Amino acid sequence: MFGRISRLGMRLLREGRAETRAGNLLSSRGSLYQGHVVQHSSPVVIPTVQSSRNVLFSTATSGDKDESNQEKEKISVTFVNKDGSEKTISVPIGMSMLEAAHENDIELEGACEGSLACSTCHVIVMDVNDYNKLEDPTDEENDMLDLAFGLTETSRLGCQVIAKPELDGMRLALPAATRNFAVDGHVPKPH
């Protein structure tokens with residue numbers, strides 16, 4: 001698809017330069033190619049004239065604005081460490097608590113890197129109201145939680161808790177220990 005657009009773009013460029021020399025920028029042939037591109041390709045490619053010698057092409061879509069606004073939105077989450085100390089961080093909407101912990105040097109292990117194959121990212125949601133705002137855990141998450149040390153009624157895996165606006169102000173406690181069958185006593189390092 002991109003090869004076809006590139007070839008068509010080069011052809012338009014060559015013709016545009018030739019027509020510019022002849023004094024007739026974007027003649028009926030150039031317009032014909034323009035319509036061809038609009039009808040048969042996605043994303044839409046429309047040539048625009050910058051100067052008498054340069055032709056620029058744009059492949060931007062109108063949906064980009066929504067994504068950039070969502071990326072800027074963040075919520076506040078407080079992690080309570082094993083020793084009782086607290087660290088409050090800003091977490092972008094859509095990010096897992098495991099990723100957020102790693103980015104902010106919080107000791108939440110995540111040995112399987114969020115693939116639901118361990119319970120080392122076990123967190124305890126400290127407020128039942130916040131816990132009830134989360135989606136129900138899947139069967140796979142419940143199976144891994146069964147292996148977690150210090151399981152509570154509000155336990156979840158950090159890799160499965162995804163930031164959303166209604167969770168702003170949530171507090172998560174890190175359990176006193178984890179069960180990592182592969183490497184016991186290992187101090188995790190963020191990725």
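Given the structure is predicted, the values throughout are model-derived calculations rather than measurements.
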> Which pair of heavy atoms, one from Leu98 and one from Gly114, lies closest together, and at what distance?
CD2-N, 3.8 Å
> Quick one: pull up CD1 in Ile89 and CD in Glu103 and give me the separation to the nearest 0.5 Å.
8.5 Å
> NZ/Lys164 to NZ/Lys133 distance, rounded to the nearest 0.5 angstrom?
9.5 Å
> Would you give the length of the straight line joining atom CG of Leu147 to atom OG1 of Thr120, rounded to the nearest 0.5 angstrom?
11.0 Å
> Same hydrophobic cluster for Val161 and Met126, using side-chain heavy-atom links shorter than 4.5 Å among ILVMFWY?
no
> Between the main-chain N or O of Tyr131 and the side-chain N or O of Thr154, is there a donor-acceptor pair closer than 3.5 Å?
no
> Okay, side chain of Asp168, backbone of Ser76: is any donor-acceptor separation there less than 3.5 Å?
yes
> With rounding to the nearest 0.5 Å, note down the distance linking CD in Glu109 to OG in Ser119.
9.5 Å
> For Pro175 and Val123, which heavy atoms make the closest approach, and how far apart are they?
CD-CA, 4.5 Å
> Evaluate Arg171 against Val80 for side-chain contact (heavy atoms from CB on, under 4.5 Å), listing each step before the verdict.
CA-CA 7 Å; Arg171 294 169 50 83; Val80 180; 3.7 Å; yes
> Which heavy atom in Ala111 sits nearest to a heavy atom in Cys118, and how many Å separate them?
N-SG, 3.9 Å
> Flag yes if Leu172 and Ile124 sit in one hydrophobic cluster, no otherwise; membership is Ile, Leu, Val, Met, Phe, Trp, Tyr, and two members link when side-chain heavy atoms are under 4.5 Å apart.
no
> Donor-acceptor check, side chain of Asp83 to backbone of Ser85, threshold 3.5 angstrom: yes or no?
yes
> Determine whether the side chains of Ser96 and Glu99 contain a donor N or O and an acceptor N or O closer than 3.5 Å.
yes
> Supply the atom-to-atom distance Leu145 CG to Glu140 CD, rounded to the nearest 0.5 angstrom.
12.0 Å
> List the steps and the verdict of side-chain contact (heavy atoms from CB on, under 4.5 Å) for Ile106 and Leu174.
CA-CA 10 Å; Ile106 295 171; Leu174 302 180; 3.9 Å; yes
> If only atom types and distance count, is the side chain of Glu141 paired as donor or acceptor with the main-chain N or O of Leu157 below 3.5 Å?
yes
> So, the side chain of His122 versus the backbone of Ser155: is there a donor-acceptor pair under 3.5 Å, distance only?
no
> Heavy atoms only: give me the nearest Ile75-Ala163 pair and the separation to one decimal.
CD1-CB, 3.6 Å
> If the test is side chain to side chain contact (heavy atoms under 4.5 Å, CB included), which one of Met170, Glu86, Met97 qualifies with Phe79?
Met97
> Decide yes or no for Pro165 and Ile93: does some side-chain heavy atom of the first lie under 4.5 Å from some side-chain heavy atom of the second?
yes
> Do you know which two heavy atoms are closest between Val125 and Arg156, and how far apart they sit?
CG2-CG, 4.4 Å
> I'd like to know whether CD of Glu135 has more than 12 heavy-atom contacts from other residues, nucleotides or ligands below 6.0 angstrom.
no
> Kindly compute the distance separating NZ (Lys87) from CG (Asn81), expressed to the nearest 0.5 Å.
8.5 Å
